[in-house]
Asker: 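Shown below is the structure under consideration.
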Amino acid sequence: MDRELILDARDVAYRYPGAVRDALAGVSLALRAGAFHAVLGPNGSGKTTLVRVALGLLSPRAGTAAILGRAAAAWSRRDLARIVGVVAQREENPFPQRVRETVLLGRFAHLSLWAGERPEDHEAVSRALERCDVVPLADRWLWTLSGGEYQRVRLARALAQEPRLLVLDEPTASLDIRHEMELFELVRALADRHGLAVVLITHHVNLAARFADQVLLLAEGRAVARGSPAAVLTAETVRRVFGWPVAIAPFEGAPQMIPLRSGKDGV
Amino acid sequence: MRWLGLGVAAAAAFVLAVVVGPAHVPLANLMTSDIVRSLRLPRAILAFLVGGALALSGASLQALVRNPLADPFLLGLSGGAGLGAVLAIALRIGGPWALPLAAFAGALVAMGLVYRLGLVGGSALDPRVLILAGVAVGAFASAVTTAIVSLSEATQLRNAFLWLWGGLSGASWDTVLVACVYFPLPVLVLLAAARPLDVLALGEEPARHLGADVEPLKRRVYLAASLLTAAAVAVSGVIGFVGLVVPHAMRALWGHQHRPLLPAAFLGGGTLLALSDTVARTFVAPRELPVGIVTALVGVPVFALLLRRWTAS
């Protein structure tokens, strides 16, 4: 456990302007290289806010957020982009773009103002395209891609940043089973083989349980439970947080959740 | 190949603007002719610079507000400039530079107002609010202009409008000098923003994650594009269409990456305006067409052709 501590957010609290309650009320998240943490919780539980505070996009009203031992807010966006790659929830480009062009934007923080792309930039792009298995798509327009291909391309752009921490915000929200599994396996492999630290925000409790080392369960801006999937994902906790009765059964060593029928329809 | 084509077109447009005119100047006398030296040459240079400035400003603003329909006058500058010019005439402010300076001042006031309204929560520039503020300020300036015009004598307001839509007829070596001193800084600021604008096109949060300082970038681009447009209005009045159609033509040829797009837009804008101005001053000689009409007449067919090609591929 002496791998380098990359992300260290401690007891951070945040309230959006005009809101009556804290979106985040004292949550911690710490990651070392090679660790894969999943952040789970209902809509509005503070998952995305936690990431924004941890990456210095929002300043916490309490607590501290540090990256590689330095306050998140003290990093310039440019320097931080060389350490943290993010696949955000939303993105919309009003102008059409090709796959290689968008992945090349991942090199933005490595490029100087006037100079063109260097050979190492193109190499980083090629590596990222390969790792995400999207080399054959390189010359396609983004709007011709399927949902799964598009998410892999966005992951490739984050990898082109050559980050040490990868943050994914609901990357499989609209994907079918195959593409979802491919993405989770890819991200797990990046953590195992390349030592990337991974924070994954998701609604997929079962996949988080099978792929992540650690799970952080949020509800109403608070950490309800944290730890190994088996420790966190008990039937009682999941029912309480998500407001629905569930059964938990182990599968290949990971707890798997089965939502129960409510029994209101005549039972 | 594309660059060579654009370069040849630009050079041809420039040469044509110097050689062709209502007064016949034999080619042999071109270098010694007074008409060429003191009228056509400065006018051709100014047309090229203003066209380039408008197209560059339009292309940058399209990226800033993330809307392909943006043009340099979307943000209320033409309304402010018009009000400035009309005010100068209504208040009988004289002198050769009175109208350009008044129009420039009007555009700057409009720019300041729009900028202030576009600031959300004290510091963040919201492009959507910027568009609305631009439309509102422009409409208000137009209303005040119309009020002044309807209360003043007909000949006076005719002067103001002739000037405002008069295009490049006031070109001289003085205005060329003003443009040459003033344009380089905002042009450089916009060209330097090329790669950050590529990133900003993805949206503000993704742009931050990729390492862009989004707020300073938006401020820089808005101010540089507006200052460039305000100066263009001051030396040549309101010339529509160049700032919308040229960026799109260049997008069709070069794609949407701003590093080639922005310089191409500058060259293309200069070419279109030099060409249009040549038509404007020769077609119905000895009278002149407003150059804005010609930019539309020349630009729309070219634009339509490019649009067909673009949507076909």
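Just so it is clear: chains get the letters A, B, ... in the order the sequence lines come, proteins before strands, and each one is counted from 1.
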Asker: I need the residue from A:D79, A:V86, A:V87 with the largest number of non-hydrogen atom pairs under 4.5 Å to chain B.
Answerer: A:V86

Asker: Which atoms of A:Q97 are under 4.5 Å from chain B, going by heavy atoms: the side chain, the backbone, both sets, or neither?
Answerer: side chain

Asker: For the interface with chain B, which of A:L80, A:V167, A:L57 has the highest count of heavy-atom pairs at distances below 4.5 Å?
Answerer: A:L57

Asker: Using heavy-atom distances under 4.5 Å, tell me whether B:L200 contacts chain A through its side chain, its backbone, both, or neither.
Answerer: neither

Asker: Examine the side chains of A:R157 and A:T102 and answer whether a donor and an acceptor come within less than 3.5 Å of each other.
Answerer: yes

Asker: Give me the one residue out of A:V27, A:L40, A:I201 that meets side-chain contact (heavy atoms from CB on, under 4.5 Å) with A:L216.
Answerer: A:V27

Asker: Got B:L49 and B:C180 here, is their nearest side-chain heavy-atom distance under 4.5 Å?
Answerer: yes

Asker: At a 4.5 Å cut-off on heavy atoms, which part of B:E204 comes close to chain A: side chain, backbone, both, or neither?
Answerer: neither

Asker: Which residue in the set A:R127, A:R82, A:H110 passes side-chain hydrogen bond (donor to acceptor under 3.5 Å, both in side chains) when paired with A:E162?
Answerer: A:R127

Asker: Under 3.5 Å, is there a donor-acceptor pair linking the side chains of A:N93 and B:H256?
Answerer: no

Asker: Given heavy-atom pairs under 4.5 angstrom as the criterion, report whether the side chain, backbone, both or neither of A:L105 touches chain B.
Answerer: both

Asker: Pick one of side chain, backbone, both or neither for A:R98, based on which atoms fall under 4.5 Å of a heavy atom in chain B.
Answerer: neither

Asker: Could you check whether B:R251 and B:Q62, counting side-chain N and O atoms only, form a donor-acceptor pair closer than 3.5 Å?
Answerer: yes

Asker: Measuring heavy-atom distances to chain A, does B:A193 have an atom under 4.5 Å in its side chain, in its backbone, in both, or in neither?
Answerer: neither

